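Since the structure comes first, as structure tokens, the remarks are kept for the end.
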Amino acid sequence: MTRTTAFRTTIVAFAIGLSGLAMAQDAPAHPVHEGPSVSIAAKDVTFVKTGVKAAAGELEAGPAYGNLQTGRHGTFIHMPAGFVSAVHTHTEDYYAVVVKGVGANDPVGATPKPLTVGSYWFQRGEEPHVTRCLSKTDCLFFIVQPGTFDYVPAK
């Protein structure tokens with residue numbers, strides 16, 4: 001092997017090594033998992049009173065994962081038929097899906113937009129809004145929130 005060939009071989013090997021190093025540095029980190037896989041039958045969800053009341057009754061919460069009082073959580077919210085919340089905010093953003101009934105979640109003063117089963121809404125934290133159960137039957141929503149759940153009456 002000539003000096004030139006040996007030099008070229010060394011350069012190529014070095015370049016391949018650098019490209020492998022670069023790829024290793026760009027590789028995504030292994031995802032963080034939040035715990036074991038879980039399946040919960042609807043009949044096994046335990047609902048508790050939340051203290052949030054309106055003329056139609058009181059909201060109830062049923063945990064799926066996490067704890068709505070201490071941090072990140074996924075929670076079923078049972079809302080009585082005809083429930084209309086007071087104008088309120090939440091500190092944290094949340095995401096919701098209608099599981100049962102017809103709900104609405106709208107900015108203050110807006111005409112309620114009926115959200116049927118399978119509908120979704122995103123509620124930005126600290127934004128005043130009104131949440132309703134428009135149907136003649138109770139509503140069930142599933143919410144996911146990155147932090148604790150609070151209900152802050154608007155001023």
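All figures in this text were calculated on a predicted structure; none of them were measured in a lab.
- Hydrophobic clustering (ILVMFWY, side-chain heavy atoms < 4.5 Å, transitive): V84 and L134 are in distinct clusters.
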| query | What's the verdict on side chain to side chain contact (heavy atoms under 4.5 Å, CB included) for L115 and W121, showing C-alpha distance, side-chain angles and the deciding distance? | reply | CA-CA 9 Å; L115 299 171; W121 78 81; 3.4 Å; yes
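- Every side chain to side chain contact (heavy atoms under 4.5 Å, CB included) that S85 has, sequence neighbours left out, goes to F83, H88, V130, T131, Y151.
- H73 pairs with exactly one of I143, V144, T148 by the side chain to side chain contact (heavy atoms under 4.5 Å, CB included) rule, that one being I143.
- In this structure, V99 is a member of the same hydrophobic cluster as Y65, with clusters built from ILVMFWY side-chain heavy atoms closer than 4.5 Å.
- Sequence neighbours left out, the pairs with a member in residues 122-155 that pass disulfide bond (SG atoms under 2.5 Å apart) are C133-C139.
- Linking ILVMFWY side-chain heavy atoms closer than 4.5 Å, directly or via other members, places V52 and V87 in two distinct hydrophobic clusters.
- Sorted by first then second residue, the salt bridge (Lys or Arg N to Asp or Glu O under 4.0 Å) pairs that include residues 135-149, not counting sequence neighbours, number zero.
- Minimum heavy-atom separation, A81 to S135: CB-O, 3.5 Å.
- M79 and Y94 fall within a single hydrophobic cluster, where Ile, Leu, Val, Met, Phe, Trp and Tyr are joined by side-chain heavy atoms under 4.5 Å apart, directly or via other members.
- V117 and F142 fall into different hydrophobic clusters, where Ile, Leu, Val, Met, Phe, Trp and Tyr are joined by side-chain heavy atoms under 4.5 Å apart, directly or via other members.
- Evaluation of the salt bridge (Lys or Arg N to Asp or Glu O under 4.0 Å) test over residues 40-66, restricted to residues two or more places apart or in two chains, returns K49-E60.
- Judged as a salt bridge (Lys or Arg N to Asp or Glu O under 4.0 Å), the pairs with a partner in residues 67-77 (not counting sequence neighbours) are, in order, E34-R72.
- Around the CD atom of Q69, the shell of radius 6.0 Å holds no more than 12 heavy atoms that belong to other residues, nucleotides or ligands.
- A distance-only check finds a donor-acceptor pair linking the side chain of T50 to the backbone of L59 [under 3.5 Å].
- Side-chain atoms of H129 do not come within 3.5 Å of backbone N or O of D106 as any donor-acceptor pair.
- Applying the side chain to side chain contact (heavy atoms under 4.5 Å, CB included) test to F122 and every residue at least two apart in sequence or in another chain returns D93, Y95, Y120, R124.
- With values rounded to the nearest 0.5 angstrom, H78 atom NE2 is found 10.0 Å from F141 atom CZ.
- Residues Q145 and E92 share a closest heavy-atom pair of NE2-O, 3.3 Å.
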